[in-house]
Amino acid sequence: MAKTVAATGNEAVANALRQVNPDVSAAYPITPATDIMQRFTSFVSNGKVKTEMILVESEHSAMSACIGASAAGGRVMTVTSSQGLALMWEMLFIASGLRLPIVMPVVNRALSAPLNIHCDHSDAMGARDSGWIQLWSENGQEAYDNTIQAFLIGEHMDIRLPVMVCMDGFIISHSIERIEYLEDNEVKNFIGEFRQLNPLLDIEHPVSYGPLILPDYYMEFRKAQDEVESKVFRVVLDAAKDFEKISGRKYGLFETYRLDDAEIGLVILNSAAGTSKDVIDEFRNRGIKAGLLKPRLYRPFPYKETGEALKHLKAVCVLDRADAFGGSYGPLFIDISTSLYTYSKKPILINKIYGLGGRDYLPEHAELVLNELTEIAKTEKVKTIKEYIGVRG
Amino acid sequence: MKLKGWGELTPGAVILEAGNAVEFKTGSWRSFRPIWKEENCIQCLFCWLYCPDMAIKVKDGKRAEFDYDYCKGCGTCALECPGKKGQKAIVMVEEAK
Ligand code: SF4
Ligand code: SF4
């Protein structure tokens, strides 16, 4: 039987990690993710989990220790945010290249400079091409559910890849919501026993991790990894199906909201999707056919499925809570454009950068964008493709 | 040797057979070759101890020849060799000569 509680996003994720009861964790505190590990380490101290907890001196070391523990043959997790994720950067590629299914909730926060601790997606976006699977979560419930599913997905024998579970710093991590918890034994049965693949600690079968691979083989290993990415979609959908059986909650590669017959639409990640849905309802009440697409599996990105879901629209705005510097568009916009590239008839696309460094995303922002889209759908004219919103001139 | 295709590789480049470094002959890296001058050798076996590549053979407890298949020519043995009366028992000679 599920239990309904009032909890913060961090509390819910910490509870999911307690239920998973990983073998090893190594972590270093960073706002706003600290709270998850603070709660988890008290589970360790109070004997609620059997996890070997390694307290390290930096996030680079945290990820290094996780890599060692995972290669040794354990179920491993850590948690981070912002600069912490940036400091792990070198090791992220090693975790994915060695195909180690480490799970890492990332509580999204802005990058320095200027120093800022609030919500922004620049941290996870910077790691989007590191070979990690990324699941994004709108609220505490989704963060809890995604954390549990992340273990099943990453540990699947067909893929063996590390997984990040992203949720919005403070907006979700520190806000109390209604959340349904699964029973401990339901989570235990869902993820199953951890299955090892070539563990270092199997001394009967000694193996070597991390050899030097020269030009005669490096490209073959990269191609093999690219091929594995293509298997992730099915694994994610299968995990979602199994998860629905125990939770009653449906998940896919992305969520669509009133999109099937829509003419204008928003594409937006995480918590801001919730605000946007309310405004879409208002537009629908006024007879305007608005809809929304919220990516969940952001890496690997389901280009084909996303393109199919959006191709019939007249105008779409992709809202990015991060910018990709270099005269470019926001990262989500680049992916959505790519997903529509192959269609001859496709929506007109615009890109808005919003909510950086915790700037509020308000219903009036969604309203403004939807009004602009209504106009674009009518006139087929675009003033500016990329624009910052909610910013002082 | 036929090289494997991308579909035939172990995930994460993990090496599953133990002790296969023997197949990788590092002797071709050498630009300087150590030469043993037996007349100056005092059989201390420092060279055997210091060699990072097990390229110094020992037979019946005695210093034997170099294993040039694996000697990278790092020169550690020549540096450490005490030799006899100030005369080294290992000297490095340029391969090109
Ligand atoms: S030169 Fe280096 S590798 Fe060669 S025998 Fe001497 S110590 Fe060993
Ligand atoms: S270190 Fe020199 S003296 Fe000692 S055993 Fe080796 S070659 Fe002989």
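In the text below, chain A, chain B and the rest are named by the order of the sequence lines, each starting its count at 1.
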Item to complete: Any salt bridge (Lys or Arg N to Asp or Glu O under 4.0 Å) involving residues 28-43 of chain B? Give me the pairs, sequence neighbours left out, ordered by first then second residue.
Response: B:Arg30-B:Glu95, B:Arg33-B:Glu95
Worksheet item: Within a radius of less than 6.0 Å around CD1 of A:Ile203, do more than 12 heavy atoms belonging to other residues, nucleotides or ligands occur?
Response: no
Worksheet item: In terms of heavy-atom proximity below 4.5 Å to chain B, should A:Leu98 be classed as side chain, backbone, both, or neither?
Response: both
Worksheet, complete the sentence: chain A shares the most heavy-atom pairs under 4.5 Å, among B:Ala13, B:Gly7, B:Ala18, with B:Ala13
Output the donor-acceptor atom pairs between chain B and chain A under 3.5 Å, with atom names and distances to 0.1 Å.
unit_1: B:Lys4; atom_1: N; unit_2: A:Tyr217; atom_2: OH; d: 2.7
unit_1: B:Ile15; atom_1: N; unit_2: A:Ser208; atom_2: O; d: 2.9
unit_1: B:Ile15; atom_1: O; unit_2: A:Ser208; atom_2: N; d: 3.0

Worksheet entry | Region of A:Leu100 in contact with chain B, defined by heavy-atom distances below 4.5 Å | neither
